[in-house]
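Keep in mind the model is a prediction, meaning the values are calculated, not measured. Within every chain, numbering begins at 1; the chains are lettered A, B, ... in the order of the sequence lines, protein sequences first and strands thereafter.
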Amino acid sequence: MSTYERIYEVVRQIPKGKVTTYGNVADLAELYGKARLVGYALYQVDKDSDIPWHRVINAKGEISYSPLRRGMDYLQRNLLENEGIEFSAEGKINLNKYKW
DNA sequence: GTAATGACCCGTC
DNA sequence: GGACGGGCCATTA
């Protein structure tokens with residue numbers, strides 16, 4: 001569980017209106033090369049949690065959807081847009097502008 | 001303890 | 001970030 005807490009703490013530090021990638025989170029959490037763990041950790045984050053999991057995206061600047069979270073897929077985008085982050089037509093985020 | 005799983009990343013083509 | 005393949009490792013059953 002300590003590993004997950006690392007990740008959660010990093011994610012919690014992401015300022016509003018910014019996004020970051022899994023690899024970046026992994027680095028900040030000192031989990032170099034273990035980006036999968038970040039995704040796995042966020043996978044079990046509950047929506048009631050205070051963790052802005054929606055601000056974490058993949059290296060391409062796109063939202064990584066989960067089959068298990070289908071139905072909530074639109075929610076992530078909605079939350080980000082609600083924070084002032086804009087999506088391109090492809091649903092991608094301009095990392096040059098919004099990357100943390 | 002073994003085996004399977006998973007929102008991914010990176011080097012190379 | 002175009003497509004492909006290999007690998008990293010914690011968590012769960």
Side-chain angles (χ1 to χ4, degrees):
Chain A
M1 295 300 186
S2 55
T3 302
Y4 280 8
E5 290 191 0
R6 282 270 112 59
I7 296 169
Y8 295 150
E9 263 196 59
V10 173
V11 176
R12 243 177 251 154
Q13 292 171 25
I14 301 173
K16 177 184 163 198
K18 296 274 183 176
V19 295
T20 190
T21 64
Y22 288 91
N24 208 310
V25 172
D27 283 352
L28 294 173
E30 306 194 344
L31 301 170
Y32 307 103
K34 304 172 200 146
R36 304 195 84 169
L37 280 300
V38 178
Y40 197 55
L42 290 177
Y43 162 71
Q44 43 177 304
V45 171
D46 202 62
K47 63 177 173 51
D48 304 317
S49 176
D50 58 329
I51 299 166
W53 51 271
H54 51 270
R55 292 180 194 150
V56 184
I57 56 181
N58 61 18
K60 297 175 193 165
E62 268 191 338
I63 296 179
S64 296
Y65 296 103
S66 170
L68 298 174
R69 260 191 47 250
R70 64 184 169 184
M72 290 173 57
D73 50 355
Y74 65 93
L75 182 61
Q76 178 161 17
R77 175 169 174 172
N78 197 335
L79 288 167
L80 290 172
E81 287 180 335
N82 198 19
E83 296 187 348
I85 295 173
E86 296 178 5
F87 285 79
S88 68
E90 308 259 311
K92 299 180 188 173
I93 297 175
N94 188 339
L95 284 177
N96 294 323
K97 188 174 180 183
Y98 294 112
K99 177 153 187 199
W100 183 29

Taking atom [atom2] of [N] as reference, at what distance in whole Å does atom [atom1] of [X] sit?
X     : N      : atom1 : atom2 : value
A:N58 : B:dC8  : CG    : C1'   : 8 Å
A:E62 : C:dG1  : CD    : P     : 10 Å
A:Y22 : B:dC10 : OH    : P     : 14 Å
A:I63 : B:dC8  : CD1   : P     : 13 Å
A:L28 : B:dC8  : CG    : P     : 19 Å
A:K60 : B:dA7  : NZ    : C1'   : 12 Å
A:I93 : B:dA7  : CD1   : P     : 18 Å

Gap in Å between the two [atom1] atoms, one belonging to [N] and one to [M], rounded:
N      : M     : atom1 : value
C:dC4  : B:dT5 : P     : 23 Å
C:dT11 : C:dG7 : P     : 23 Å
C:dG5  : C:dG1 : P     : 22 Å

Completion exercise
Smallest heavy-atom separation, A:L79 atom then A:H54 atom, equals CD1-ND1, 3.6 Å
Exercise for the section: Looking only at non-hydrogen atoms, find the nearest pair between A:L95 and A:A59 and report the distance. Expected result: CD1-O, 3.9 Å
Problem - Rounded distance [0.5 Å steps], CD1 in A:I93 versus NZ in A:K18 - result: 12.5 Å
Exercise for the section: Calculate, to the nearest 0.5 Å, the distance between atoms CD1 and CZ belonging to A:I57 and A:R77 respectively. Expected result: 12.5 Å
Handout entry: For A:L28, the option from A:V38, A:I14, A:V10 that meets side chain to side chain contact (heavy atoms under 4.5 Å, CB included)
Key = A:V10
Problem - Any residue meeting salt bridge (charged side-chain N to carboxylate O under 4.0 Å, His left out) with A:E62, in chain and number order, not counting sequence neighbours - result: none
Problem - Sequence-aligned protein contact record of nucleotides 6-13 of chain C, with B where the base is within under 4.0 Å of a protein heavy atom and S where only the sugar-phosphate is - result: -BBBSB--
